[in-house]
Amino acid sequence: MRTLTVCMLLGSLGLAAQHMQDEDKKKRNPAIGNPAAIAAGEKAFNEGCAVCHGQGGMGGRGPNLAHGRVMWHTLSDEATFKRIREGVPAGGMPPTPGPDEKLWQLTAYVVSLRAPASESPQPGDAELGNTLFWGKAGCNECHSIRGKGGKIGPDLSDAGGSRPSSVLRSAIEDPGSNGSKGFEKARVTLKNGGTVEGVLKNRSNYSLQLLDAKGELHLLLMGDVRELAVAKNSIMPSNYKTRLSAAEIDGLVAYLAKQTARPN
Ligand code: HEC
Ligand code: HEC
């Protein structure tokens with residue numbers, strides 16, 4: 001009987017400790033997620049960091065701080081702060097002097113670059129983005145969301161839950177900038193003179209599959225192929241930045257930011 005009580009007591013102590021740990025994790029520096037601090041951090045970043053990390057942290061001499069794909073590694077807030085303060089002298093990242101407040105503003109900006117778009121404030125009009133996506137901009141010809149739309153490009157049902165805003169924006173303004181792996185554009189010339197264009201899906205020594213813009217899958221035997229040209233650029237139109245206004249692109253980013261696979 002007594003052992004049972006002790007066990008129950010220890011059990012609830014364990015739960016309490018776990019609860020405190022969870023509470024602790026939520027205690028972030030007040031600069032993190034604070035729009036004013038992020039804006040101040042962005043200004044300092046453009047002055048002192050963009051020379052190496054690129055505009056918007058998209059990479060240059062220093063690494064891309066936003067990263068493109070779902071599984072980008074993330075440093076904790078504290079580790080990011082420490083990395084900025086101390087630098088990585090051996091790796092070419094200088095230490096950053098200055099008061100803690102300024103360093104936390106920089107940290108808040110860097111953290112905001114890689115936070116999922118669904119959790120970041122969006123300046124754009126998501127309703128406008130919705131209209132454009134399924135209308136004038138024609139995004140739905142290649143992309144699907146929750147089972148509707150085209151299949152030639154990646155599914156965007158979790159675009160906002162898995163990508164930072166900066167990555168969504170650069171995917172629209174500069175297609176292929178995050179890499180086109182799995183979606184390479186290819187053009188095949190057949191020995192009989194015909195040509196087929198599309199996204200290269202599967203390729204072996206004997207055959208290849210091309211998904212064309214109509215969503216039709218072509219299985220071609222290498223024996224019938226005279227030439228296979230794989231393009232470096234994306235199949236996604238590269239002129240959205242001139243075809244759409246800044247407000248329209250903001251709207252598309254805001255609309256995509258709302259797409260998450262996680263139930264609310
Ligand atoms: C002279 C070029 C240079 C400047 C200026 C610079 N960095 Fe870096 N930074 C680098 C390099 C190179 C690395 C990679 C170092 C390594 O890990 O070997 C890096 C790494 C980092 C990392 C760690 C990235 C990760 O995910 O591991 C952060 C965060 C960072 N820098 C932020 C900043 C901030 C904020 C500033 C401005 C205050 C800044 N950097 C200025 C070159 C630079
Ligand atoms: C002709 C087909 C096509 C059209 C039209 C198109 N895309 Fe894409 N999109 C692609 C392909 C293919 C990729 C895969 C990566 C690459 O090649 O750039 C892609 C990648 C993306 C990504 C990155 C997805 C990821 O996995 O990171 C986003 C976001 C995106 N497109 C949004 C849009 C939006 C918004 C529009 C409309 C304004 C649009 N696309 C129009 C074909 C298209």
Side-chain angles (χ1 to χ4, degrees), residues 41-42 44-54 57 59-70 72-75 77 79-98 102-103 105-111 113-114 117 129 132-143 145 149-156 158-160 162-165 167-185 198-200 211-213 215 231-241 243-244 248-249 251-253 255-257 259:
E42 178 172 15
F45 187 91
N46 287 335
E47 285 160 10
C49 322
V51 287
C52 288
H53 289 285
R61 250 205 299 161
N64 183 325
L65 298 175
H67 281 259
R69 298 282 156 184
V70 191
W72 68 90
H73 85 201
T74 40
L75 297 171
D77 300 350
T80 304
F81 177 87
K82 205 162 159 266
R83 192 68 59 94
I84 295 172
R85 158 170 283 166
E86 293 168 8
V88 191
M93 159 85 189
T96 308
K102 180 188 160 198
L103 294 182
Q105 289 168 346
L106 281 164
T107 304
Y109 175 64
V110 170
V111 168
L113 290 177
R114 63 191 184 210
L132 289 164
F133 189 94
W134 300 97
K136 182 180 99 176
C139 317
N140 62 327
E141 284 165 26
C142 297
H143 295 284
I145 291 179
K151 292 202 167 39
I152 198 164
D155 182 280
L156 296 178
D158 191 33
S162 62
R163 305 278 188 273
S165 318
V167 169
L168 296 177
R169 181 176 301 277
S170 68
I172 299 170
E173 294 184 340
D174 187 12
S177 56
N178 303 315
S180 290
K181 202 149 178 31
F183 296 94
E184 282 96 356
K185 178 163 93 172
V199 166
L200 192 56
L211 188 63
D212 74 15
K232 287 219 167 54
N233 59 329
S234 172
I235 200 166
M236 179 160 152
S238 58
N239 61 356
Y240 284 124
K241 210 177 164 177
R243 237 170 82 192
L244 301 173
E248 287 177 325
I249 290 183
L252 282 165
V253 173
Y255 173 64
L256 291 180
Q259 309 309 319

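For ligands, and for the atoms within them, numbers begin at 1 and follow the listed sequence.
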Could you check Lys82 against Leu75 for side-chain contact (heavy atoms from CB on, under 4.5 Å), going step by step and ending with a plain yes or no?
CA-CA 10 Å; Lys82 205 162 159 266; Leu75 297 171; over 6 Å; no
Show the numbers, then the answer: is there a side-chain contact (heavy atoms from CB on, under 4.5 Å) between Phe45 and His53?
CA-CA 9 Å; Phe45 187 91; His53 289 285; 3.6 Å; yes
What verdict does the side-chain contact (heavy atoms from CB on, under 4.5 Å) test give for His143 and Phe133, after you've listed the backbone C-alpha separation in whole Å, the side-chain angles of each residue and the deciding distance to 0.1 Å?
CA-CA 9 Å; His143 295 284; Phe133 189 94; 3.9 Å; yes
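The contact set between ligand 1 and Thr96, taken as ligand atoms under 4.0 Å from a residue heavy atom, comprises 38 (C). The Cys52 neighbourhood of ligand 1 comprises atoms 1 (C), 2 (C), 3 (C), 4 (C), 5 (C), 42 (C), 43 (C), with distances under 4.0 Å to a heavy atom of that residue. The Ala137 neighbourhood of ligand 2 comprises atoms 38 (C), with distances under 4.0 Å to a heavy atom of that residue. Within ligand 1, the atoms closer than 4.0 Å to a non-hydrogen atom of Gly91 are 12 (C), 15 (C), 18 (O), numbered from 1 in the order shown. Near Ile172, the atoms of ligand 2 lying under 4.0 angstrom from a non-hydrogen atom of the residue are 35 (C). Atoms of ligand 2 lying under 4.0 Å from any heavy atom of Ala171, numbered from 1 in the order shown and given with element: 22 (C), 23 (C), 28 (C), 29 (C). Heavy-atom proximity to Gly138, at under 4.0 Å, picks out these atoms of ligand 2: 5 (C). Near Phe183, the atoms of ligand 2 lying under 4.0 angstrom from a non-hydrogen atom of the residue are 12 (C), 14 (C). Ligand-side atoms of ligand 1 in range of Leu106: 38 (C), range being under 4.0 angstrom from any heavy atom. Atoms of ligand 2 lying under 4.0 Å from at least one heavy atom of Cys142, given by number and element, are 1 (C), 2 (C), 3 (C), 4 (C), 5 (C), 42 (C), 43 (C). Here is the list of ligand 2 atoms found below 4.0 Å of a heavy atom in Leu252: 38 (C).
For the pair NE2 of His143 and SD of Met236, the angle at atom 8 (Fe) of ligand 2 is about 180°; rounding is to 10 degrees.
For ligand 1, one of its N or O atoms has an N or O atom of Arg83 under 3.5 Å away. In terms of polar-atom proximity, Tyr240 is not counted as a contact of ligand 2, lacking any N or O under 3.5 Å from an N or O of the ligand.
Heavy-atom minimum distance, Ile145 versus Trp134: CB-CZ2, 4.0 Å. Between Arg85 and Gly98, the closest heavy-atom pair is NH2-O, 4.4 Å. The two residues Arg163 and Leu168 come nearest to each other via the heavy atoms CB-CD2, 3.7 Å.
Taking backbone and side-chain atoms together, His53 has an N/O/S atom less than 2.8 Å away from atom 8 (Fe) of ligand 1.
By the criterion of a heavy-atom distance under 4.0 Å, the side chain of Pro63, and not its backbone, is placed next to ligand 1. Within the 4.0 Å heavy-atom criterion, both parts of Ile235, backbone and side chain, lie near ligand 2. Under 4.0 angstrom from ligand 2, the non-hydrogen atoms of Cys139 come from both its backbone and its side chain.
Judged by distance alone, the side chain of Arg83 and the main-chain N or O of Met93 form no donor-acceptor pair under 3.5 Å. Panel note: side chain Thr80, backbone Thr107; no donor-acceptor pair is recorded below 3.5 Å.
Atom CD of Gln259 and atom OG of Ser162 lie 11.0 Å apart (nearest 0.5 Å). Rounding to the nearest 0.5 Å gives a distance of 10.0 Å between OH of Tyr240 and CG of Leu132. For the atom pair Leu244 CG and Ile172 CD1, the distance stands at 8.5 Å (nearest 0.5 Å). With rounding to the nearest 0.5 angstrom, the CD1 atom of Ile84 is 7.0 Å from the SG atom of Cys49.
For atom 36 (C) of ligand 1, the choice among Ala79, Ala44, Cys49 with the nearest heavy atom turns out to be Cys49.
In this structure, Ala159 does not count as a contact residue of ligand 2, since none of its heavy atoms falls inside 4.0 Å of the ligand. Remark: distances from the non-hydrogen atoms of Arg163 to ligand 2 include one below 4.0 Å.
Judged as a salt bridge (charged side-chain N to carboxylate O under 4.0 Å, His left out), and not counting sequence neighbours, Lys151 has no contacts.
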